[in-house]
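In this chain, numbering begins with 1 at the start of the sequence shown. Only this structure's heavy atoms are used, side chains among them; waters, hydrogens and symmetry mates stay out.
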Amino acid sequence: MRSDHSRASKLLEELVRSVLPVLLALIVAGLIILAMGSNPLDFFAGVWTYGVTGLNWQRSLVLMAPLLIVAVGLIIAFRGQLWNLGYNGQYLLGAVVASGFGPYLFEALPGWLATLVIFVGSLAVGAVWSLVPAILKARYGTNEIITSLVMSFIGVGVANLLIKGPFKDTTTPQPQTAVIADENLLAYIPGTNIHIGLIFALVLACVAQFVFSRTSFGMRMDIFGASPKAARHMGINSTWMVILLFALSSGLIAFAGAIDVLGQYSYQRANWNPHYGDAVMPFVFLARLNPIAAIPLVGFYAVLATGGTLAAQQAGLNVDFLLVIVGLILIFMTITEYVGEKRRLGQSYLPHGLKRTLLRPFQGVAGRKDS
């Protein structure tokens, strides 16, 4: 009975600490919308209408594909206690590999082979781009937050220079790459307008979950993340672990850029940056660095971003208001985690009556099992 009760309590606690920040952020966002003279109910109804109803749910799932891949990439780094904040540059470099080389590769190679070359190239570019912060961190203890951010700024600049220079489409005055033909883009899932990049993302999340929880590499990675000193005592090479985790994280984020270009955009403009990493980071932490748990949270943001763009415009709000909601989620996540940690010292962050009410169904199940 006690073990069942403790498991139910732990499950409830994790659920509350994952969902509560989102709910509080939406409530505060509604109050902000109300203070700005708009109706928050109209805004949230618009999010549902433009993000879910009709065929709009398919648009949300298309957006979910690169978001989930970026999330898995961030999880790999964070589980090793490494702060890979170079995601913007990594994503754009992966995208420019697809948008810049794609038109030439599809002319010279069979479609499947060109797609494979683009995917491998984007993974390689992202991994190579992570070597500077990874080596500086592994060999000299340099703060990877600073170095990864610097490399991100450089990566964004390099991507723009390539789009404005050798990859520029000379048939248009806009600084953009040539458009990849529709027949060369990723195939759709039968009966939908959702490209198979979503399947890649879901499979990737499941594989990552299996590796983290069922393999020796996942165990070594968690040990390294918990204590590099303990990892060295167990024979884990910390230098190579840092380099490997950074390479895997950055490579997947660059891969998300290639998926986005071949699955949705078909070309890339200069100075374009969707900031996917900034958007999904709070949800990565809310998922407790768990790839499977990140799927519904990332899906929620995909709906919010897809429907919220039009809903914000109709409510007279700037589209950047969506980033305000993400920021609020991050703030309330921090507060919830702080209070949750205090609970471990004997203080509950739920009122006693509310806690008793929420646990009552689980207690009833446990009582019936004992009888």
Side-chain angles (χ1 to χ4, degrees), residues 59-60 62-74 77 83-102 118 121-123 125-130 132-133 145-169 172 174-180 197 201 249-284 298 301-302 304-306 308-309 312-313 318-327 330:
R59 295 174 54 237
S60 297
V62 168
L63 176 60
M64 182 180 172
L67 288 172
L68 184 57
I69 297 174
V70 171
V72 174
L74 291 177
W83 286 87
N84 178 14
L85 299 186
Y87 39 74
N88 287 327
Q90 295 155 12
Y91 170 89
L92 291 176
L93 287 173
V96 85
V97 167
S99 62
F101 290 105
I118 290 171
S122 63
L123 285 165
V125 166
V128 169
W129 202 253
S130 72
V132 172
I145 295 177
I146 298 173
T147 54
S148 62
L149 280 173
V150 170
M151 291 302 294
S152 179
F153 293 140
I154 297 174
V156 172
V158 169
N160 284 327
L161 287 174
L162 290 173
I163 295 170
K164 295 176 181 179
F167 291 158
K168 184 180 183 301
D169 183 6
T172 177
Q174 297 291 337
Q176 67 178 52
T177 62
V179 178
I180 299 174
S249 174
S250 304
L252 287 179
I253 294 172
F255 176 64
I259 285 286
D260 223 11
V261 169
L262 294 184
Q264 181 177 194
Y265 291 109
S266 75
Y267 72 99
Q268 186 176 356
R269 286 186 174 179
N271 303 316
W272 168 75
N273 188 354
H275 296 280
Y276 287 156
D278 298 324
V280 302
M281 186 179 293
F283 302 101
V284 164
V298 171
Y301 177 76
L304 179 64
T306 302
T309 301
Q313 294 174 353
N318 192 289
V319 176
D320 291 336
F321 183 73
L322 298 177
L323 292 178
V324 173
I325 297 178
V326 172
L330 192 58

For Phe255, all residues meeting ring pair (Phe, Tyr, Trp, His ring centres under 6.0 Å), sequence neighbours excluded:
Phe119
For Val158, which residues count as a side chain to side chain contact (heavy atoms under 4.5 Å, CB included) partner, sequence neighbours excluded?
Leu93, Trp129, Ile154, Leu162
A side-chain contact here means heavy atoms from C-beta on lying under 4.5 Å apart; do Val326 and Pro282 qualify?
yes
Taken in chain and number order and not counting sequence neighbours, the residues that satisfy side chain to side chain contact (heavy atoms under 4.5 Å, CB included) with Asn160 are Val156, Ala270, Asn271
Partners meeting ring pair (Phe, Tyr, Trp, His ring centres under 6.0 Å) with Tyr265 (sequence neighbours left out):
Trp272
Rounded to the nearest 0.5 Å, what separates atom OG in Ser152 from atom CD1 in Ile253?
9.5 Å
For Phe101, enumerate each residue passing the side chain to side chain contact (heavy atoms under 4.5 Å, CB included) test, keeping only those at least two apart in sequence or located in another chain.
Val97, Leu105, Phe167
Rounded to the nearest 0.5 Å, what separation is found between the NZ atom of Lys164 and the OG1 atom of Thr177?
14.0 Å
All side chain to side chain donor-acceptor pair (under 3.5 Å) counterparts of Tyr276, not counting sequence neighbours:
Asp260
Suppose we screen for side chain to side chain contact (heavy atoms under 4.5 Å, CB included). Which residues come up paired with Ser250, at least two apart in sequence or across chains?
Asn84, Gln90, Ser130, Phe246
Can you name the residues that form a side chain to side chain donor-acceptor pair (under 3.5 Å) with Gln313, not counting sequence neighbours?
none
Considering residues at least two apart in sequence or located in another chain, which fulfil the side chain to side chain donor-acceptor pair (under 3.5 Å) criterion with Ser99?
Gln268
With Asn88, which residues qualify under side chain to side chain donor-acceptor pair (under 3.5 Å), at least two apart?
none
